[in-house]
Amino acid sequence: MSTPPSAESRPSLASPPAPDASGDLDPGTGAPPSLLRNRSYLLLMTGLTAESLGAGVALFAVPLVAYGLTGSVVQAGVVAAVGQVGALLATLPAGVVADRVDRRRLVVAAATVGALLWTTVAVAAGTGSLSAWHLAAVLFGASVVGALVDPATSGAFRSVVPVPQLPTALAAVQGRDAVASLLAGPLGGALYAVAHAVPLAGAAIGHAATAVCTWLVREPLNGDVAAARATRPVAALREGLRFVWSVPLFRALLGLFVVINVAFGGLMVGINLELVRTGTAPLLIGLVDLAVGVGVLVGAVLAPRLVARVRAGLLVVAALGVLAAGAVVMAVLESYAAYLAVLPIALVLVPAVNAGLSGYAAAVTPPQLQGRLSSVLGLTGLAAGPLVPLVGSGLLDRFGLGTALAVLAGLLVVTVAVVSTVRPLWRVGTPDTWADDAVALAASGAVPGATAGVAPDEPGRPGPGR
């Protein structure tokens with residue numbers, strides 16, 4: 001599940017050998033070194049944090065700029081929707097690419113292109129020549145860039161972070177995004193008040209930072225790709241789809257999380273556009289994003305403990321139940337103060353869901369399929385991407401904010417009730433059981449090329465003791 005409202009946040013009988021992702025084991029404890037001593041992980045996190053903040057500042061300004069260019073909340077929604085189509089079209093091919101090429105070079109090249117695209121928008125906005133179609137085209141291209149970077153970095157994290165540390169690392173990713181959200185709203189509002197071009201330049205700077213930091217990573221971010229390249233791209237895509245579809249949990253949650261992302265994302269779009277339409281100051285609109293960031297940041301701090309102690313099924317249902325309840329409260333109260341008060345509470349458990357499910361998925365999936373796994377599961381957010389602004393702006397324009405919030409809150413309640421009936425979800429335990437699940441999955445024949453009873457390992461990267 002992606003953290004609302006964006007479409008962006010992955011989990012003994014026979015302990016499988018994990019990739020020696022971050023160097024030798026600590027000689028004193030026998031445990032992997034702290035993530036704070038993992039240079040490759042820190043470089044990746046630094047670059048992606050800068051990109052997250054830069055993109056957050058820019059994307060805060062996008063609906064305001066689009067509304068200013070078009071004068072219509074519906075047309076502004078269409079501009080945002082066109083920008084999401086690129087990611088939707090590129091996501092599945094991008095997963096195949098991420099498993100077939102050097103991930104480090106892929107991230108560097110894609111992030112560089114993203115920096116150039118956002119630079120054109122910032123320059124055009126600064127010179128007064130920006131058009132709605134130019135903005136939509138750059139949003140389209142930037143979403144393709146994101147589609148390439150996301151599976152590559154997901155696979156990279158699996159290569160540089162040992163399996164036992166995945167929940168903590170992914171919770172840190174949630175915290176990173178929360179901090180970016182905390183800063184992006186108020187900072188975006190303040191920068192937008194200075195000049196419309198300034199927050200748009202933030203995305204260019206963030207992408208450039210990702211390119212530089214990833215280039216500095218010297219550790220391989222994937223193993224030998226010769227076998228992957230020997231498989232034709234279409235066959236590789238089918239292989240990835242077949243793997244994801246063969247896992248009952250993945251199969252069950254794909255469609256349901258699309259609906260959840262559309263419902264909550266549309267609700268947030270409706271609230272933001274109503275605030276824009278009623279002349280709310282940009283800085284006050286930014287405080288709504290600040291409220292979202294507070295909830296996610298607190299949740300990211302709690303996530304590692306929750307994931308370690310609470311079974312995934314209970315955690316997911318509880319988190320989504322709180323989210324749906326928050327949506328209902330906002331629909332009933334329909335006030336700016338209610339949005340600021342309720343959003344942090346509604347979102348506080350979402351990082352644990354993202355960290356738990358993402359960590360579990362990464363733990364049971366072989367590294368050579370990580371890119372395709374990330375791209376297929378990413379469809380839960382990307383399939384919702386074009387729909388979110390259209391649903392939010394369409395309901396707002398046709399029925400007004402009250403009805404729009406009521407419809408979307410009701411959709412959330414119904415979908416969460418359906419999620420609670422997904423049996424495979426209730427079977428997922430705490431991280432100490434994920435290794436056994438990986439062995440069982442390999443034994444089931446769902447993992448291409450796996451040997452029964454042996455969990456998949458990073459190709460070309462021997463695990464400890466081998």
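For Tyr336 against Leu287, the heavy-atom pair with the smallest separation is OH-CB, 3.5 Å. Considering all non-hydrogen atoms of both residues, Arg311 and Arg427 come closest at NH2-O, 3.1 Å. Contact record, Leu349 with Ala319: CB-CB, 3.4 Å, taken as the closest heavy-atom pair. In terms of heavy-atom proximity, Ala152 sits nearest to Val107 at CB-CG2, 3.6 Å. Residues Thr278 and Leu275 share a closest heavy-atom pair of OG1-O, 3.2 Å. Val317 approaches Val416 most closely through the heavy-atom pair O-CG1, 4.4 Å.
Counting heavy atoms from C-beta outward, Arg309 and Thr430 have side chains that stay 4.5 Å or more apart. In this structure, Leu106 and Val97 have side chains that are in contact, with non-hydrogen atoms separated by less than 4.5 Å. Put simply, the side chain of Val65 does not reach to within 4.5 Å of the side chain of Val79, judged on heavy atoms. Inter-residue side-chain proximity for Phe243 and Leu441 is flagged as met; some heavy-atom pair is nearer than 4.5 Å. Counting only heavy atoms from C-beta outward, the side chains of Thr214 and Thr153 never approach each other to under 4.5 Å. Between Val388 and Phe264, the closest side-chain pair of non-hydrogen atoms is not below 4.5 Å. Annotation: side chain of Trp426 is not in contact with side chain of Leu249 (no heavy-atom distance under 4.5 Å). In this structure the side chain of Leu425 reaches within 4.5 angstrom of the side chain of Leu357, judged on heavy atoms.
A distance-only check finds no donor-acceptor pair linking the side chain of Asp437 to the backbone of Val364 [under 3.5 Å]. A donor-acceptor pair under 3.5 Å is absent between the side-chain atoms of Ser40 and the main chain of Val217, judged by distance alone. Using modelled atom types, no side-chain atom of Trp118 and backbone atom of Ala55 make a donor-acceptor pair closer than 3.5 Å. A donor-acceptor distance shorter than 3.5 angstrom exists from the side chain of Arg103 to the backbone of Ala98, with no hydrogens or angles considered. No donor-acceptor pair closer than 3.5 Å links the side chain of Asp397 to the backbone N or O of Ser393.
Annotation: the span from Asp150 atom CG to Thr91 atom OG1 amounts to 8.0 Å, rounded to 0.5 Å. In this structure, CD1 in Ile271 is found 11.5 Å from OG1 in Thr280, a value given to the nearest 0.5 Å. In this structure, the separation between CE on Met330 and CG on Leu267 is 5.0 Å, given to the nearest 0.5 Å. Atom CG of Leu53 is separated from atom CG of Leu187 by 6.5 Å, given to the nearest 0.5 angstrom. Separation of atoms OH (Tyr339) and CG (Asn272) is listed at 10.0 Å; rounding is to 0.5 Å. Rounded to the nearest 0.5 angstrom, Leu200 CG and Ile205 CD1 are separated by 11.5 Å.
With sequence neighbours left out, the side chain to side chain contact (heavy atoms under 4.5 Å, CB included) criterion links Leu256 to Thr415, Val418, Val419, Val422. Ala201 pairs by the side chain to side chain contact (heavy atoms under 4.5 Å, CB included) definition with Ala122, not counting sequence neighbours.
A donor and an acceptor atom, one from each side chain of Thr70 and Gln75, are nowhere located under 3.5 Å apart.
Within 6.0 Å of the CZ atom in Arg305, the count of heavy atoms belonging to other residues, nucleotides or ligands does not exceed 12.
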Go through the steps for Thr210 and Leu44 under the test side-chain contact (heavy atoms from CB on, under 4.5 Å), then give the verdict. CA-CA 8 Å; Thr210 294; Leu44 290 174; over 6 Å; no

Under the criterion side-chain contact (heavy atoms from CB on, under 4.5 Å), I'd like the reasoning laid out for Val407 against Phe399: C-alpha separation, chi angles, the key distance, then a yes or no. CA-CA 10 Å; Val407 169; Phe399 302 108; over 6 Å; no

Using the rule given for side-chain contact (heavy atoms from CB on, under 4.5 Å), can you reason through Thr403 versus Leu395, listing the C-alpha separation, both sets of side-chain angles and the distance that settles it, and then say yes or no? CA-CA 8 Å; Thr403 300; Leu395 289 174; over 6 Å; no

Please determine whether side-chain contact (heavy atoms from CB on, under 4.5 Å) holds for the pair Val244 and Thr365, giving the CA-CA distance in whole Å, both sets of side-chain angles, and the decisive distance to 0.1 Å. CA-CA 9 Å; Val244 173; Thr365 302; over 6 Å; no

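A salt bridge links Glu274 with Arg277: the closest approach of a Lys/Arg side-chain nitrogen to an acidic carboxylate oxygen falls below 4.0 angstrom.
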Side-chain donor-acceptor distances from residues 340-348 under 3.5 Å, at least two apart:
none

